[in-house]
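So you know, we letter chains A, B, ... as the sequences are listed, proteins then strands, and number each from 1.
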Amino acid sequence: MLDPRLLRNELDYVKTQLARRNFSLDAEAYRELEEQRKQLQIETQELQNERNTRSRDIGQAKARGEDIQPLLDAVQDLGEQMKAAETRLADEQSRLQQIQLGLPNILDDSVPDGKDEQANLEISRWGEPPPFDFPARDHVDLGTQLSGMDFELGAKIASARFVVLQGNIARLQRALIQFMLDTHIVEHGYRECYVPFLVNAASLQGTGQLPKFEQDLFRVDNDPPFYLIPTAEVPVTNIVRDVIVDAQQMPLKYVCHTPCFRSEAGAYGRDVRGMIRQHQFEKVELVQIVRHEDSQEAHEELTGHAESILQKLGLPYRKVLLCAGDTGFSSARTYDLEVWLPGQGQYREISSCSNFTDFQARRLQARWRNPETGKPELVHTLNGSGLAAGRTLIAVLENYQTREGHVVIPEVLRPYMGGLTILQ
RNA sequence: GGAGAGGUGGCUGAGUGGUCGAAAGCGGCGGUCUUGAAAACCGUUGAGGGUUUGUAGCCCUCCCAGGGUUCGAAUCCCUGCCUCUCCGCCA
């Protein structure tokens, strides 16, 4: 959510900023609603004030043993008026709030213009695509040949976009997850956590998935409904919902492995082959809760933590700064890390690292107490995949394949694989 | 699933329907004392919002949430959520 004061005082600025995302804000309509709100709120509060004053007088008169009937008569229809005003104000405020909840974050100045991924800005490349002297197989062929990756079985048990992994391929995915968690805990100072995979609507509104993106989520038929988490970002960031964090505890750094569930509505034709786009996948997520003046630096640091996993695994990747049109709803600035997939002959997203500034914090009422002012201030929230384990598994299989269709296990994973060096 | 108890400020914990946003204690902050610290003592200390150039003043809201009764609700009534205890069941 954007600062309501900013919307009130600098509406044209907001409109210009949001236009970068191709989001069109009807400034005139908003201004009108805001004007009505102001009138209604003043009116309502005046009526409440009168009610309070008169009730106090009645109390005092009664205590003195006076006849209070005339006073009671005088306030006869005050209550009605006040209730009516309160109702109108509540309606008006909820109308405004609905609009506010639908407005995306304001982009950082450094975000390049552009409407889609074509305009993303490549920042850096690391590693070289492996120089195979044979035609590269994709992970579906490799996985099938190694007999541990079965999409038909996934479809039988659940539906399309599910997979069953078995044997050493299943173990390899688990090894990747363990390796990532250990690295972030030991080397990068994150705190591991375990969280609910089903969350309530308030949590999803806090991080920005609701009310606007319900079609991307799986809803569980419960009253009130639960939703399967689309990312650990949701439960982990909600740790600080309605919390005022002590200054000494800042920054908070969490790492969390969870399955993620996405309906992929609107992506029916895309990436239908293989494990690239599944309804369920494993991910290790990094979340940071920081002071506002630290979030830029934290964004670089967190992205670096995700990069270090790719580097330790020896996977070639590039780092991309997303353009205005490609940056997510809640984010002010996002880096994508794209890993080289020999089977596709292209770089594909394996991590997305975002600075949400105070956008989520305002929805979450997530604050910290600034010792300098003694007052609560909104935190800044950040997160990034460190990394998407399913896609990392794919990347390992494809980049470490041999002519025979075997897969060499990267050094750093061998301790997690009981010393195994090759899948065959 | 059955039976019972309860949800008040950072924490503990009071609160006959009438200046209660709320006693007291702890904690925090500031000060006195001290070479320094501790102890003691004094003071101070919730959050959100409106108006406004305003971190000034004035005002509104908030004692789990949502309704209701009343001139007036932390206090009374209803519903929901959550927590705790016991029994049953279960990983």
> Could you check how far CD of Gln97(A) sits from C1' of G48(B), rounded to whole Å?
13 Å
> Of the listed nucleotides (A47(B), G49(B), U51(B)), which one gets closest to any side-chain atom of Gln41(A)?
G49(B)
> Should G27(B) form a Watson-Crick or G-U wobble pair with both distances under 3.5 Å, which nucleotide is its partner?
U45(B)
> Quick one: which of G48(B), G50(B), C71(B) gets closest to the side chain of Arg367(A)?
G48(B)
> Would you mind telling me which residue lines up with the more 5' stretch of RNA chain B, Gln93(A) or Gln48(A), judged by nearest nucleotide?
Gln93(A)
> Which nucleotide in the set C59(B), G50(B), C71(B) lies at the smallest distance from any side-chain heavy atom of Arg8(A)?
G50(B)
> Measuring only the P atom in each nucleotide, how far is C82(B) from C29(B)? A whole number of Å is fine.
37 Å
> Quickly work out the Arg54(A) CZ to U70(B) P distance and round it to whole Å.
19 Å
> Looking for any heavy atom pair under 4.0 Å, which part of the strands does Lys62(A) touch: base, sugar-phosphate only, or nothing?
base
> What is the separation between atom CD on Gln365(A) and atom C1' on G49(B), rounded to the nearest whole Å?
11 Å
> Please determine whether side chain to side chain contact (heavy atoms under 4.5 Å, CB included) holds for the pair Leu286(A) and His184(A), giving the CA-CA distance in whole Å, both sets of side-chain angles, and the decisive distance to 0.1 Å.
CA-CA 8 Å; Leu286(A) 304 172; His184(A) 294 310; 3.6 Å; yes
> Pairing check on U32(B): which nucleotide meets the Watson-Crick or G-U wobble criteria with it, both distances under 3.5 Å?
A40(B)
> Take the angle between the ring planes of His188(A) and His305(A) and call it parallel below 30°, perpendicular above 60°, tilted in between.
parallel
> In whole angstroms, how far is the C1' atom of U61(B) from the CD atom of Glu46(A)?
16 Å
> Determine which nucleotide pairs with U85(B), using a 3.5 Å limit on both distances of a Watson-Crick or G-U wobble pair.
A3(B)
> Verify the contact: side-chain N or O of Lys38(A) to OP1 or OP2 of C60(B), cut-off strictly under 4.0 Å; return yes or no.
no
> Run the salt bridge (charged side-chain N to carboxylate O under 4.0 Å, His left out) check on Arg219(A) and Glu214(A) step by step: do they pass?
CA-CA 8 Å; Arg219(A) 190 174 59 199; Glu214(A) 185 168 20; 2.9 Å; yes
> So what does Asn52(A) hit on the nucleic acid, given a heavy-atom distance under 4.0 Å: a base, only sugar-phosphate, or nothing?
sugar-phosphate
> Select base, sugar-phosphate, or nothing to describe what Gln60(A) touches, counting heavy atoms under 4.0 Å on all strands.
base
> Is it true that, when you exclude Glu32(A) itself, more than 12 heavy atoms of the residues, nucleotides or ligands shown sit nearer than 6.0 Å to its CD?
no
> Check the orientation of Phe151(A) and His139(A). Use parallel for under 30°, tilted for 30 to 60°, and perpendicular for over 60°.
perpendicular
> Can you tell me the base-pairing partner of C71(B)? Count Watson-Crick or G-U wobble geometry only, both distances below 3.5 Å, and say none if there is no partner.
G18(B)
> OP1 or OP2 of C59(B) versus the side-chain N and O atoms of Asn49(A): is any pair under 4.0 Å?
no
> Between G48(B) and Arg5(A), is there an OP1 or OP2 to side-chain N/O distance shorter than 4.0 Å?
no
> Can you find a side chain N or O atom of Arg56(A) that sits less than 4.0 Å from OP1 or OP2 on G17(B)?
no
> U70(B) C1' sits how many Å from Ile68(A) CD1, rounded?
11 Å
> Which nucleotide sits closest to the side chain of Ile42(A): G50(B), A47(B), U61(B)?
G50(B)
> Send over the distance from Asp246(A) CG to C29(B) P, rounded to a whole Å.
11 Å
> Kindly give the heavy-atom pair with the smallest separation between Tyr400(A) and Leu313(A), and that separation in Å.
OH-O, 2.5 Å
> Separation of Glu50(A) atom CD from C71(B) atom C1', in whole Å?
12 Å
> Across all strands shown, which nucleotide pairs with U51(B) by Watson-Crick or G-U wobble geometry, both distances under 3.5 Å?
G57(B)
> Looking at every strand, decide which applies to Pro224(A) at a 4.0 Å heavy-atom threshold: base, sugar-phosphate, or nothing.
nothing
> A47(B), OP1 or OP2 - any side-chain N/O from Arg369(A) closer than 4.0 Å?
yes
> Please step through ring pair (Phe, Tyr, Trp, His ring centres under 6.0 Å) for the pair Tyr335(A) and His299(A), ending with a clear verdict.
CA-CA 9 Å; Tyr335(A) 289 121; His299(A) 189 211; 4.9 Å; yes
> Figure out the CD1/C1' separation between Ile244(A) and G10(B), and round it to whole Å.
9 Å
> What distance, rounded to whole Å, do you find between the two C1' atoms, one in A24(B) and one in C84(B)?
25 Å
